[in-house]
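Chain letters run A, B, ... following the sequence lines, proteins first, then strands; residues in each count from 1. The basis for the numbers below is simple: all heavy atoms, side chains too, and nothing from hydrogens, waters or symmetry mates.
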Protein chains: 2
Amino acid sequence: MTIMAKNNFETIYTTLKARILAGDYSIKMRLPIEDELIAEFDTSRYAVRKAIQKLADEGLVYSVKGRGVVLLEHTPQTQQFNLNLSRTTGLKAMNAGRNLDYQTDVVSFKQIIVDAELSEQTAFEVGIPVYAIQRVRIINGTRAVIDINYFNAQLIPDITPSIAKKSIYDYIQKKLKVKIAVVKRMLRVDTAQTVDTQTLDLENNNCIGNMISISFNDAGRQFEYTESHFIPNEFIFTQLIRN
Amino acid sequence: MTIMAKNNFETIYTTLKARILAGDYSIKMRLPIEDELIAEFDTSRYAVRKAIQKLADEGLVYSVKGRGVVLLEHTPQTQQFNLNLSRTTGLKAMNAGRNLDYQTDVVSFKQIIVDAELSEQTAFEVGIPVYAIQRVRIINGTRAVIDINYFNAQLIPDITPSIAKKSIYDYIQKKLKVKIAVVKRMLRVDTAQTVDTQTLDLENNNCIGNMISISFNDAGRQFEYTESHFIPNEFIFTQLIRN
DNA sequence: GAGTGGTCTAGACCACGGT
DNA sequence: CCGTGGTCTAGACCACTCC
C-alpha cells in the first residue's frame with residue numbers, strides 16, 4: 001500500500017459511501033467489521049464508528065449489535081427517499097437539480113408590533129417588533145408558493161423590500177453573519193383560504209400544503225416564524241425514522 | 001452527597017432533559033460545561049457527550065464549539081414542534097394523547113404477483129408475491145385515512161383479513177418477531193383521485209395528503225410499501241433540521 | 001463459545017469563540 | 001490569551017447474534 005494521508009472520519013465516511021453506492025458491498029449486504037475498517041484506514045474505533053453513524057443518519061446502513069452493519073436495499077426508485085433529508089432554506093431549494101426559472105413577488109412588506117393574537121401564532125413575545133412579509137414564488141410561470149414570514153426585527157434588523165425581493169436567507173447569513181442553527185417544521189394539508197385562492201395557481205384544487213417553520217440562531221433564539229403555502233402535486237418532503 | 005447509582009448516558013440524558021423542561025437552566029440558556037457535568041455525574045466525557053447528543057437530536061439544545069451547549073427557546077406554542085419526531089407505526093399513532101375512537105374497515109385483501117408496473121411503484125422485484133391490502137381508518141366516525149399496503153409475502157408471510165382488521169404491525173413485530181429497523185417516508189399533497197373521493201370523508205376538499213412509506217427489517221430488506229391517503233386539516237408531521 | 005457492535009474510561013491535541 | 005466543544009487514540013468490559 002502506498003503512503004496514505006491521515007484518515008479522519010470524514011474521509012472514511014466518504015470512501016464507504018462511494019463504495020456502497022458503487023455496489024462494492026452488495027453481495028454480502030454488510031460492511032466489513034469494525035476491526036477490519038480500523039486496520040484498512042489505519043485509524044481508531046472512534047473514527048470508524050463516527051463514519052458509520054453518519055451513513056446510518058442518511059439511511060444507507062443499519063447497525064445490529066452482535067451481527068454487524070447491514071446495508072439497506074436501494075433501487076433507482078427508492079433513491080428519491082434519500083434526497084432532501086435536510087434543507088434549511090425555504091421551498092426554493094427543494095427542487096434543486098431541476099433547471100427551473102424562479103421569480104419572487106413581494107406582495108406585502110410591513111414592520112409591526114406583536115400583539116396577543118400574533119404571539120399565540122408565532123410564539124414571539126408580545127410587544128416586540130417584527131417584519132411581516134408576504135412573497136409569492138413563481139416557478140416556471142406558475143404561482144406555486146406564498147411565503148408568509150415574520151422575522152424578529154431585533155435579531156434580524158434592517159430588512160428592506162429590495163432584500164425581500166432577492167433572498168432574505170442570503171442577507172441573514174452572509175450580511176448579518178447570523179448562523180441558522182436549527183429549523184423546526186410542521187407539515188399540514190389545509191383547506192385553501194381566500195389569500196391562497198387569490199394568490200396561487202391552484203387550478204381546480206381547493207387545498208394547499210402548509211409548511212410551518214421556526215428557525216433558531218446559534219444563541220438558541222427563535223428569529224423567524226414562517227408559513228409556506230404551496231400548491232398540490234409539485235413538492236415532496238422526506239423523512240427518515242430509525243429504531 | 002448520598003450514594004449514587006452508576007450514571008450511564010441514559011440517566012444523564014433523562015436528568016438533563018427534566019431539568020431543561022423544568023427551566024433549571026433558563027437563566028443562562030446554557031448547559032453546564034462538559035467538565036462540570038463529568039464531575040457532577042461522576043462519569044466520563046463519552047457519557048456526557050452522548051447524553052447531550054441525544055438532547056440535540058430532539059431539538060432541545062445546540063452545541064457551539066468554543067462557546068458551549070445552548071438551550072433552544074421553547075414556549076407552550078412551540079412544544080408541539082418537538083412531538084412526533086419519530087413514529088414507525090402508521091397514522092394511527094399520530095394522534096396519541098387525544099382520546100379517539102378508532103375503527104378499521106378492510107376494503108380489499110389480495111395476494112398478487114408483482115408485475116412491471118407495480119415494481120416501478122413499490123420497488124419490489126418483478127415476480128415476487130405480495131399482499132395488497134386496502135383499509136379505511138375511521139376516527140370518531142370520520143373516514144379519515146385509506147391505507148394502501150403492499151407487503152413482501154416472503155418476508156411477511158401468512159397475513160389474513162382478520163390480522164389486517166386488527167393490526168398488521170402488531171403481527172409483524174410480536175408474532176413474526178420481525179424488527180422494523182428503518183422507515184423512509186415521502187410526504188406530498190395530491191389531487192384526490194376516484195378512490196379517495198369514494199372512500200374518504202373529504203367534505204368539500206378535493207385534495208389529500210399522501211404519506212408514502214417504505215420499511216426495512218434488520219437484515220436491510222424492504223418488506224413494505226405503503227401509501228396512506230389522509231384528509232386535510234387533521235394530521236401534522238414534524239421535522240427537525242440541524243446545521 | 002466465538003464474533004460483533006454498544007458502552008465506557010482516561011487520557012491527548014486541535015479548532016473555534018470571546019476577551 | 002483562555003475557555004470551550006470537536007476529534008482522536010488505546011485500551012476495557014458488556015450485550016447481543018449465531019453456530
Checking A:Arg242, A:Arg67, A:Lys65 against B:Asp218 for salt bridge (Lys or Arg N to Asp or Glu O under 4.0 Å), the one that qualifies is A:Arg67
Separation of atom [atom1] in [X] from atom [atom2] in [N], rounded to whole Å:
X: B:Lys50; N: D:dG5; atom1: NZ; atom2: P; result: 19 Å
X: B:Arg49; N: D:dT9; atom1: CZ; atom2: P; result: 15 Å
X: A:Ile38; N: D:dC8; atom1: CD1; atom2: C1'; result: 12 Å
X: A:Leu37; N: C:dT4; atom1: CG; atom2: C1'; result: 13 Å
X: B:Lys54; N: C:dT7; atom1: NZ; atom2: C1'; result: 13 Å
X: B:Glu34; N: C:dT9; atom1: CD; atom2: P; result: 14 Å
X: A:Glu36; N: C:dG5; atom1: CD; atom2: P; result: 9 Å
X: A:Tyr46; N: D:dG6; atom1: OH; atom2: P; result: 9 Å

A:Gln121 and A:Glu227: side chain donor to acceptor below 3.5 Å: yes
On the six-membered ring of A:Phe81, is B:Lys184 placed so that its NZ or CZ lies under 6.0 angstrom from the centre and within 45° of the ring axis? no
Test the A:Lys50-A:Phe9 pair against the cation-pi criterion, namely NZ or CZ under 6.0 angstrom from the six-membered ring centroid and within 45° of the ring axis. yes
Just N and O in the side chain of B:Thr43: are any of them under 4.0 Å from OP1 or OP2 of C:dT9? yes
Please list, by residue number, the residues of residues 63-71 of chain B whose heavy atoms come closer than 4.0 Å to an atom of DNA chain C; answer none if no residue qualifies. B:Lys65, B:Gly66, B:Arg67
For A:Arg45 and for B:Ile33, locate the closest nucleotide of DNA chain D by heavy-atom distance; then report the residue assigned to the nucleotide nearer the 5' terminus. B:Ile33
Could you tell me how the ring of B:Phe237 sits relative to the ring of B:Phe230: parallel (under 30°), tilted (30 to 60°) or perpendicular (over 60°)? tilted
Would you please classify the geometry between the A:Phe109 ring and the A:Tyr131 ring as parallel, tilted or perpendicular, with 30° and 60° separating the classes? tilted
Sequence neighbours excluded, the answer for salt bridge (charged side-chain N to carboxylate O under 4.0 Å, His left out) partners of A:Arg188 is A:Asp190
Regarding the side chain of B:Ser44, the nearest nucleotide among C:dG5, D:dT9, C:dT9 is C:dT9
